[in-house]
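Here is the naming used below: chain letters follow the sequence lines, and residue numbers restart at 1 for every chain.
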Amino acid sequence: MDSVIKSLVVYFILWLVIRATGRRTLGQLTVFDFILFLIIGGAASRALMGQDYSLTHAFLVIATFVVVDVAVSLLERDVPRLAHVLKGVPTVVVENGDVLSARLRRARISEEDVLEAARRAHGLERMDEIKFAIFEASGRISIIPKRNIVAGGDGSAPHGD
Amino acid sequence: MRERHNRNYPIPESIRLQNAFWAWERATWIVLAVILLIALTGLLAHGPLSKSTVMDGGLSLTYERFQRVTALARFNARILVSYGDEASLTLSPPFADNFQIADMEPRPLRSSAGPQGLEFVFQAPTTGELSVVLRAHPRSFGRFDLTAAAGPEGRVAFSILVYP
């Protein structure tokens, strides 16, 4: 019994703590974030296994996590509002080249993060080439370029019509 | 105003939910920071506020009043031996039920378990003061009310809160 209860408690605590680190951490892992998740994994693993290294205990821990994961995904599918609460909602942070500074600051991302995403996805050079930058629920930044900005077919820098 | 306005294009926004979530995020950081500060004081085990000493007559017991399950905890009993060449230390039955002894210094001459609890008998030192260091792991979490007695020298009652 304690295997299942402890696993449920650890799952909930992990979800709470990792969610509180913010989507930015999930979507753009830095070295510090990577170390953080390594330590979290190790600490959670030791707490879960304790002094019980039996196959039965390991199976119960794994099965509990799988069942909770599936249950949460089913709930998210059937209750969209719950999905918004659990996963978060996408948020526009740049609109027609204008930075929505307060949203950017609260999301703990910088203009440089947006420009990096723009360069990576579309080869864009400046903020005014971005129609929308969206901070997704996954933590990634999606870029929608302005329609008159077209990347060259040979991979050259984008140019206007 | 643009910051607070809900957009439907290119994505349906819910800025109210987003702001609520950001506020929850910040509240969680503050709670975590407060928990860390509390931990530094020893209220979550191992720290200045956790260490406690109880005394009665010739018995003095120093222990950690906040402990964590399976984590090693230290008990230090000082017994002033007034006569005889042996000294005993008896721990009440809940100690045997809920703690697993890992180590004891000095090693007792003999030990026994009975209705009165765990009894350890030591060689009395020539100096007259016996210091016994016992290390044990709590097996379960909860609050435990325990007693320790050193024969006629003294008897103390103490409580330990073990966190999960």
Cluster question for you: counting only ILVMFWY and a side-chain heavy-atom cut-off of under 4.5 Å, with indirect links fine, are [X] and [Y] together?
X	Y	value
Ile143(A)	Val93(A)	yes
Met104(B)	Leu61(B)	yes
Phe75(B)	Leu118(B)	yes
Val79(A)	Val72(A)	yes
Phe99(B)	Phe141(B)	yes

Show the nearest heavy-atom pair for residues [X] and [Y], with the distance to one decimal.
X	Y	result
Ile134(A)	Pro10(B)	CD1-CG, 3.7 Å
Arg106(A)	Arg26(B)	O-NH2, 3.3 Å
Phe21(B)	Val85(A)	CE1-O, 4.2 Å

Exercise. Has Phe12(A) got more than 12 heavy atoms of other residues, nucleotides or ligands less than 6.0 Å from its CZ?
Worked result: no
Exercise. Counting only heavy atoms not in Arg139(B), do more than 12 fall under 6.0 Å of its CZ?
Worked result: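 Result for CZ/Arg139(B): enclosed.
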Exercise. Hey, which of Val69(B), Leu32(B), Ile15(B) has the most heavy atom pairs under 4.5 Å with chain A?
Worked result: Ile15(B)
Problem set entry | Under 4.5 Å from a heavy atom of chain B, the part of Leu100(A) involved |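 Looking at Leu100(A), backbone and side chain both touch chain B.
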Problem set entry | Point-to-point distance, once rounded to the nearest 0.5 Å, from CZ of Arg46(A) to OG1 of Thr70(B) |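 Here the rounded value is 8.5 Å.
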For this session: Starting at CD1 of Ile144(A), measure out to CD1 of Ile11(B) and round the result to the nearest 0.5 Å.
Result: 8.5 Å
For this session: Report the relative orientation of the aromatic rings in Trp15(A) and Trp24(B); use parallel for angles under 30°, tilted for 30 to 60°, perpendicular for over 60°.
Result: tilted
Exercise. Going by heavy atoms in the side chains, are Glu13(B) and Arg103(A) under 4.5 Å from each other?
Worked result: yes
Exercise. Any idea which of Glu95(A), His84(A), Lys131(A) has the most non-hydrogen atom pairs under 4.5 angstrom with chain B?
Worked result: Glu95(A)
